[in-house]
Structures are given as C-alpha cells and as structure tokens.
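Chain letters run A, B, ... following the sequence lines, proteins first, then strands; residues in each count from 1. FYI, side chains are in, hydrogens and waters are out, and symmetry mates aren't considered; it's all heavy atoms of this structure.
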Amino acid sequence: MSSEEQTAQEALTFADLGLSPKVLSAVTDAGYTVPTPIQAGAIPHALQGKDVLGIAQTGTGKTASFVLPMLTRLEKGRARARMPRTLILEPTRELAAQVEENFVKYGKNHPKLNIALLIGGVSFDEQDKKLERGADVLIATPGRLLDHRERGKLLLNGVEILVIDEADRMLDMGFIPDIERICEMIPSLTRQTLFFSATMPPEITKLTEKFLHAPVRVEVSKAASTGTNITQRLVKSGPKPWDKRAALRELINAESGELKNAIIFCNRKVEVSELFRSLIKYDFDAGALHGDMDQRARMQMLANFRDGKLKLLVASDVAARGLDIPDVSHVFNYDVPIHAEDYVHRIGRTGRAGRSGKSFTIVTKNDAKYLAAIEKLTGLKIEWHDGDLSTVVASEGEDEAPRRGRGAPRRAGRKDEGERKRGGRERSQRHAEKPAREPEAVDIDAVAADAPVEKRERKEAIRSDNAERKARPERAEQPRRDDRPRRDDHRGGRPDRSEQNRRQREQDDDGTVGFGDDMPAFMRVSAKV
DNA sequence: AAAAAAC
C-alpha cells in the first residue's frame with residue numbers, strides 16, 4: 001500500500017466501506033466513525049466475498065473487521081436447521097464469548113439474527129436447541145464444535161463464511177489438526193474464508209495456502225512490539241513463593257496511588273490459585289481466572305473485572321491474549337513468562353489505545369535465562385525498579401532443600417505421585433504465610449473450581465461436606481488461627497487440609513450448595529467491593 | 001516447561 005493510499009484510508013469513515021445501513025447505524029450508535037486500519041483494509045474485500053488474510057495483533061479492531069461485513073452479508077438469506085450459515089473459530093472460550101458480544105452489539109438492528117455459541121464447560125442442550133433453530137452465526141471453540149458434529153447434530157456444508165481467528169494461537173495450542181478437519185468439512189467452492197493471525201510462522205502460512213483462495217492480504221503494522229507507552233520495570237525477589245508474594249504485595253501497595261486495576265500473570269494454574277488465595281487473605285480486592293475454573297466462574301470473574309467491580313485479576317495466560325479488557329493500568333508478572341512472546345502479550349494488556357500503562361515483572365535468580373530471552377526479543381534492556389538481584393535480602397523462610405529424616409521414613413506410607421506433589425506444595429504454602437500472620441482465610445477450596453484436584457473429587461468432597469454440615473448444624477467455637485500448629489511443628493500435627501477446609505466452611509456457612517447450584521463464595525467476595 | 005481445549 002502506498003503512503004498516499006494510507007493517508008486516504010485514514011480519512012475514511014465507516015460510511016465509506018459499503019456496510020449496510022443497519023450495520024452502519026449500530027456502529028454509529030456504538031460511537032465509532034473512523035475505522036481502524038485493519039477494518040478499513042479488510043471490510044471492503046470481505047463484503048465483496050473475497051478471502052482475506054488479516055495479519056494483526058489483538059487490540060487493532062480485528063473483531064469488528066469480520067463481524068461488520070458478516071452482518072451485512074447475512075442480511076440476505078436465512079439459516080436452515082442444523083446448517084449454520086457462518087462459522088467463527090476461536091482458541092479460547094472467553095474469546096468466543098467476546099465475539100458473540102460483538103455480534104449482539106453490532107447486530108442490534110438485526111432482530112432475527114440467530115447466534116449460537118458452542119464452547120465447552122457449559123450445557124450441551126441449550127447449544128443444541130440453537131443449532132436446531134438454525135444459526136446465522138456460529139461461534140465455537142474447536143473441541144465443542146467437533147463434539148456436536150460427531151453427535152450428528154451439526155452440518156457444516158451450508159457454511160458461507162468461515163472465520164479462523166487467532167490462528168497462531170491455535171497453533172500454539174495444538175489446534176491445527178482440528179482446524180484442518182473443520183476446514184475440510186466445509187465445501188471450499190461456496191465458502192469465503194477470513195483468516196486472522198498476529199504472526200505468520202511457516203505452519204500458518206502452509207495452512208493459508210491450503211485453505212484460502214487468492215486471499216487479499218491485509219497487514220497492520222505491528223504496534224512497536226512492546227508499546228512505548230508502557231513503563232516496564234523488573235522487581236527483584238527471593239526465589240520462594242512467600243518472597244514473591246511479599247514482593248508483589250509491597251509493589252501493589254507502593255503503586256496504589258496510580259493503580260486503577262491490574263492483571264497479575266502467573267505461569268501455572270496452581271500458582272494462580274495460591275496467589276489468589278493469598279491476596280484475598282491479605283484483603284486485596286482480587287479475583288482469579290484460569291482454565292480449570294468452572295466456566296461460570298470464569299465468565300463472572302471476567303465480567304466483574306471489566307465492570308470495575310474487581311481491582312486485581314490473577315490469571316494464567318488464558319488472559320494474556322485477545323481478551324478485550326480496556327484500560328488496565330498495571331500488569332504484574334508474578335512469574336517471568338517462559339516464552340518471551342508471552343511477555344509481549346501480557347504487558348500488552350495495559351497501555352492500550354494510546355493510554356499509558358505500567359508493567360512490573362518479578363524476577364528471581366532462577367529467571368535469568370527467560371529474562372534474557374525477553375530482552376533479546378524486545379530488543380530492550382528492562383530497568384530494575386529498586387535494585388537488581390544482587391541486592392536481594394536473603395529470605396527468612398525455610399531452607400531450600402526439603403528437610404528429611406523427621407517423622408516416618410519416606411518409604412513407609414508413601415503417597416502416589418500426584419498426592420505427594422500436592423502435599424509438598426501445600427506445606428510450603430502454609431509455611432509461606434506463617435511469618436506474616438495473615439488474617440483468617442476466606443475458604444476458597446470449598447467452592448473454587450480451581451483447586452488442583454480432579455473435578456469429581458472436588459464435587460464429591462463438597463457434597464459429603466454439605467451432608468455432614470446438615471447433620472450437625474451447630475458446632476462448638478472454632479479454634480483460632482493462633483491455636484494452630486506453628487512454624488516449627490507444621491510438619492507434625494498439622495490438621496489435614498480437608499479438615500481445615502471443612503472447619504472454615506462451617507465458619508462462614510453461607511448456604512453455598514455446590515457447583516452449579518450457587519455462585520461460589522469467592523466470587524461473591526470479589527463482587528462486594 | 002505451561003496453558004488452552006471435549007463429554
């Protein structure tokens with residue numbers, strides 16, 4: 001594209017793109033007049049029925065660049081039962097739901113538009129009913145889509161427009177075989193394909209060669225890989241979880257003047273859970289988001305965070321890309337991401353739409369090589385916030401190596417692999433929180449679908465617990481935290497985790513019945529504000 | 001080395 005064309009396009013308004021009056025009016029009502037570069041580039045071609053290869057990061061207005069032309073094109077024709085007219089594939093459930101919201105928003109003048117969202121973790125029947133009724137727009141994650149299809153509830157040969165969104169992320173997640181299968185189910189002669197990816201690794205290029213016909217390539221210049229409006233800092237910490245949690249708390253407090261809301265990224269789901277619990281204990285206004293959580297909790301957390309009912313969101317990389325969370329003032333990396341690109345995506349959650357943002361990455365001595373990779377990728381030496389690792393004060397916590405030789409010999413009564421791992425983690429967790437003398441915990445295990453336990457086990461535990469609770473509604477005064485085993489005897493007579501949980505649940509008995517029956521207490525806690 | 005995604 002020449003620079004003249006570029007300038008000409010910047011002067012464009014949505015009214016110049018060829019969208020239908022209904023769509024245009026919804027766009028205007030939403031307060032938009034000038035399309036973003038990807039929208040200006042893709043919409044006219046999409047309206048003409050051409051295949052489009054859009055290379056754009058999230059936050060560039062990519063979603064509207066396919067939603068708007070699709071709505072326009074859907075005005076002609078009607079959907080037949082079980083034969084959706086369009087299909088949009090998304091890598092995560094949240095993204096799929098987000099696209100649905102866009103269709104609702106811009107499709108408000110299309111009262112007859114049927115939208116079906118096929119994602120995992122929610123009821124099958126409702127989705128099936130929508131399919132039966134005939135969907136104009138089908139938005140799906142690959143797993144659930146294939147599930148419906150295998151049950152014979154879905155025919156894909158009537159699909160007129162196929163959208164593959166976040167293709168590079170699909171690749172990362174191992175979805176490419178699924179995507180290929182799905183593409184092959186849709187007749188290529190009658191199909192228009194819109195394909196979006198932030199980057200074009202060889203596998204993705206191959207995919208586009210296979211499934212796109214003479215695509216129009218629309219590339220949006222990458223926003224400087226890590227936006228210059230983001231202030232990035234490194235924060236030293238000891239290597240232990242309690243060191244890192246303390247460093248984070250200190251940081252949040254120090255930033256409290258500027259901190260409007262923040263996402264705190266962890267590398268692992270268990271860490272999300274642990275950190276979330278810890279923050280709640282310290283009375284921070286925090287929520288959690290990761291893929292093992294109950295789908296309703298995921299949605300609710302995200303909604304609360306977006307609506308400003310929740311200040312801190314502790315999340316796995318499920319939240320790193322694509323989620324449209326406007327106006328996050330801070331991003332904290334509780335862990336240095338193992339993949340350098342993830343760093344870019346994570347901190348890209350702040351400093352959006354030209355606003356300024358701050359990111360802090362907690363670094364321990366174990367993170368050197370990941371940090372080096374990040375600095376290499378971004379071509380940037382990230383400054384230390386308050387002295388580098390050489391100034392870390394030694395932790396007062398337990399020795400690095402787990403102590404042995406106390407209690408029963410290790411061989412006796414050895415637990416299975418999973419249990420042993422969990423036990424170890426809990427031990428360090430408990431210990432970690434000891435020195436700080438935290439206020440009593442909100443019990444999260446009782447309700448959170450995010451504990452590192454099989455779902456079934458969890459449900460079972462809650463069910464039996466509820467039964468027990470009913471049987472004994474009244475109970476003697478609870479022991480206080482100070483009566484619990486202390487620092488040095490935590491290896492010995494520590495009450496069983498489930499015992500602790502049970503007591504805690506009895507303490508804040510709130511009538512929570514179990515998954516799916518009631519809103520988890522931790523969500524209520526966060527919603528209180 | 002981790003997350004995500006199907007019952």
### Query
How would you label the contact of A:Asp147 with the nucleic acid (heavy atoms, under 4.0 Å): base, sugar-phosphate, or nothing?
base

### Distance under 6.0 Å and angle within 45° of ring axis: A:Arg151 vs A:Phe124
yes

### Query
At under 4.0 Å, does any side-chain N or O of A:Arg169 touch on OP1 or OP2 of B:dA3?
no

### Message
Taking only side-chain N and O atoms of A:Arg93, does any of them lie within less than 4.0 angstrom of OP1 or OP2 on B:dA5?
### Response
yes

### Message
Using a 4.0 Å heavy-atom cut-off, does A:Gly174 contact any base of the nucleic acid, only the sugar-phosphate backbone, or nothing at all?
### Response
nothing

#### Entry: Gap between atoms CG and P, on A:Leu171 and B:dA2 respectively (whole Å)
20 Å

### Query
Which whole-number value in Å describes the distance from A:Asp165 CG to B:dA5 C1'?
16 Å

### Task
Please report, rounded to the nearest Å, how far the P atom of B:dA4 is from the CD atom of A:Glu94.
9 Å

### Query
Quick one: do the A:Tyr334 and A:Glu274 side chains pair a donor with an acceptor below 3.5 Å?
no

### Query
Whole-Å distance between B:dA5 P and A:Asp292 CG?
9 Å

### Task
Starting at atom CD1 of A:Ile374, determine the distance to atom P of B:dA1, rounded to an integer number of angstrom.
16 Å

### Message
Taking 4.0 Å as the cut-off, does a side-chain nitrogen or oxygen of A:Arg268 come that near to OP1 or OP2 on B:dA4?
### Response
no

### Query
What do the steps show when you test A:Asn102 against A:Gln98 for side-chain hydrogen bond (donor to acceptor under 3.5 Å, both in side chains), and what is the final call?
CA-CA 6 Å; A:Asn102 272 263; A:Gln98 196 169 286; over 6 Å; no

### Task
Could you tell me the separation between the CD atom of A:Gln295 and the P atom of B:dA5, rounded to a whole number of Å?
7 Å

### Task
Check whether the side chains of A:Asp125 and A:Ser123 place a donor and an acceptor atom closer than 3.5 Å, and report yes or no.
no

#### Entry: Side-chain N or O of A:Thr92 closer than 4.0 Å to phosphate OP1/OP2 of B:dA5
no

### Query
So what does A:Phe175 touch, heavy atoms closer than 4.0 Å: a base, only the sugar-phosphate, or nothing?
base

### Query
Counting any heavy atom closer than 4.0 Å, what does A:Asp178 reach on the DNA or RNA strands: base, sugar-phosphate only, or nothing?
nothing

### Summary
Those residues at least two apart in sequence (or on a different chain) that pass side chain to side chain donor-acceptor pair (under 3.5 Å) with A:Glu150 are A:Arg181

## Note on the structure
Separation of B:dA6 atom P from A:Lys153 atom NZ, nearest Å, is 19 Å

#### Entry: Nearest-angstrom distance from the residue atom CD of A:Glu274 to C1' of B:dA2
15 Å

### Task
Counting heavy atoms from C-beta on, name the nucleotide in B:dA6, B:dA1, B:dA4 closest to the side chain of A:Glu150.
B:dA6

### Message
Less than 4.0 angstrom between a side-chain N/O of A:Thr141 and OP1 or OP2 of B:dA4, yes or no?
### Response
no

### Query
Is A:His290 side chain donor-acceptor paired with the B:dA3 base, going by distance under 3.5 Å alone?
no

